[in-house]
Asks: 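Next up is a structure, given as structure tokens.
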Amino acid sequence: MHLILKFRFLLIVSFLLILVFSFNRCQNSNNQKQLLENSQIKNFGIVIHGGAGTMSRKEMTKEMDSMYRNKLEEVIRVGYLILKNGGTSQEAVEKSINLLEDSPLFNAGKGAVLNSNGEIELDASFMNGKTLNAGAIVGVKTIKNPISAAIKVMENSPHVMFFGSGAEEFAMKEGLEIVDPNYFFTQKRIDELKRIKLDEKKSSFINDELKSIKYGTVGCVALDKKGNLAAGTSTGGMTNKKWNRIGDVPIIGAGNYANNKTCAISATGWGEFFIRNVVAHDISALMEYKGLKISEASKIVINEKVAKLGGDGGVIGIDKNGNIAMEMNTNAMYRAHMNSKGDIVVKIYNDE
Ligand code: ASP
């Protein structure tokens, strides 16, 4: 009897000890999780682009030059402040792209280029580097801010890509601003389409002279204080596009990609070549599997792979440590960058 009592006592004590031990472990791992959640990385940062192309210095007046630079600076400062105040990379990317979409200077949202029927067809995509979730919309004509619609597809649907009138219905249901297609039209784009249609009769779909007025896109990549990456890209596509042509912008991995393990990338340029080279994902893959730096990976993909097939354009990127890339094989790409210290860079031409 005495022995049985002793045994019971030992059993109860060991059970209590196990209980206390596991409670402690649980507490520790919760504390660690909390610490990790609260920890902030030092090198947050943001990069934007307003499209790459063949831009001639001769055609760019002083006023135009400063208009572009001022807009880029205004936008990057807004995105930077969101990050500085503890906002997420997703918030910074969405807001920065909204501002670029609302500006008639760039080929996205207001100011988008026209297709061969003289209509607007907008594409956009977004990717969250933490969840690897993504959203895209294609060929829409009435959504004021396509990047916000792409984010809603990611957040509020089980799908990744919506097209045309379905995408527009979805955006309306989500409470996004819907506008008359006339909102997007600018005289500059109407004139460009006329000029291309005239030149088209004498030349092929792409020639060097026409490239400058065919291209454009806006994009933003950001790393926030929690170490989360995000990438967004929004465009009107290429002037005079036919047959509901779709470029790289809404294709996850081609014109846009983000992964917390590696980097966030947004592309601009001749979309067909960016699709064929799976540009944005390829840069991430070179970093993940080969250990390349973001600058090395972007150089290889843009200046070797895309260029070798005959394509042109550029990318902006930021990696998980805040290192950035702004790579192009064209003579220009509207671009700007701010790091966590508040240093700002705004550039247009390749040789700046
Ligand atoms: N990549 C876009 C497209 O092909 C155009 C551009 O970025 O200039 O639709």
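Residues take their numbers from the sequence shown, with the count starting at 1. Values below: all heavy atoms of this structure, side chains included; hydrogens, waters and symmetry mates excluded. In each ligand, atom 1 is the first atom listed, and ligand 1 is the first ligand listed.
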Asks: Tell me whether Ala267 has any N or O atom under 3.5 angstrom from an N or O of ligand 1.
Replies: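 So ligand 1 has no N or O lying under 3.5 Å from an N or O of Ala267.
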
Asks: Which value, rounded to the nearest 0.5 Å, describes the distance between Arg335 atom CZ and Glu352 atom CD?
Replies: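 It comes to 6.0 Å.
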
Asks: Does Arg245 approach ligand 1 within less than 4.0 angstrom via side chain, backbone, both or neither, non-hydrogen atoms only?
Replies: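 Arg245 to ligand 1: side-chain contact only, backbone stays beyond 4.0 Å.
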
Asks: Atoms of ligand 1 less than 4.0 Å from Thr268 heavy atoms?
Replies: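 Contacts of ligand 1 toward Thr268, numbered from 1: 6 (C), 7 (O), 8 (O).
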
Asks: Looking only at side-chain N and O atoms, does Asn228 offer a donor or acceptor that is under 3.5 Å from a partner on Thr88?
Replies: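 The criterion, which ignores hydrogens and geometry beyond distance, is not satisfied for Asn228 and Thr88.
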
Asks: Could you tell me whether Thr217 and ligand 1 have an N or O pair separated by under 3.5 Å?
Replies: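 Right, the criterion is met.
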
Asks: Distance alone, cut at 3.5 Å: any donor-acceptor contact between the side chains of Asn323 and Asn43?
Replies: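 No donor-acceptor contact under 3.5 Å links the two side chains.
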
Asks: With a 4.0 Å cut-off on heavy atoms, is Gly269 touching ligand 1?
Replies: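 Gly269: in contact with ligand 1 (<4.0 Å).
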
Asks: Exactly one of Thr268, Leu100, Val113, Leu122 should register a side chain to side chain contact (heavy atoms under 4.5 Å, CB included) with Asn107. Which one does?
Replies: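 Only match with Asn107 under side chain to side chain contact (heavy atoms under 4.5 Å, CB included): Val113.
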
Asks: Under the side-chain contact (heavy atoms from CB on, under 4.5 Å) test, which residues partner Asn244, sequence neighbours left out?
Replies: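 Partners of Asn244 under the side-chain contact (heavy atoms from CB on, under 4.5 Å) test: Glu121.
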
Asks: For Gly255, is the nearest heavy atom under 4.0 Å from an atom of ligand 1?
Replies: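 Outside the 4.0 Å threshold, so no.
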
Asks: Provide the number and element of each atom of ligand 1 under 4.0 Å from a heavy atom of Asp248.
Replies: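 Near Asp248, the atoms of ligand 1 are 1 (N), 2 (C), 3 (C), 4 (O).
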
Asks: Based purely on interatomic distance, does Thr235 place a nitrogen or oxygen under 3.5 Å from a nitrogen or oxygen of ligand 1?
Replies: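 Not met; the criterion fails.
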
Asks: Under 3.5 Å between some N or O of ligand 1 and some N or O of Gly216?
Replies: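 Min N/O separation from ligand 1 is below 3.5 Å for Gly216.
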
Asks: From the options Val315, Ile283, Ile265, Val278, select the one residue that forms a side chain to side chain contact (heavy atoms under 4.5 Å, CB included) with Val301.
Replies: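 So the option named by the test is Ile283.
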
Asks: Which of these, Gln187, Arg189, Lys188, sits in a side-chain hydrogen bond (donor to acceptor under 3.5 Å, both in side chains) with Asp191?
Replies: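 Answer after filtering Gln187, Arg189, Lys188: Gln187.
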
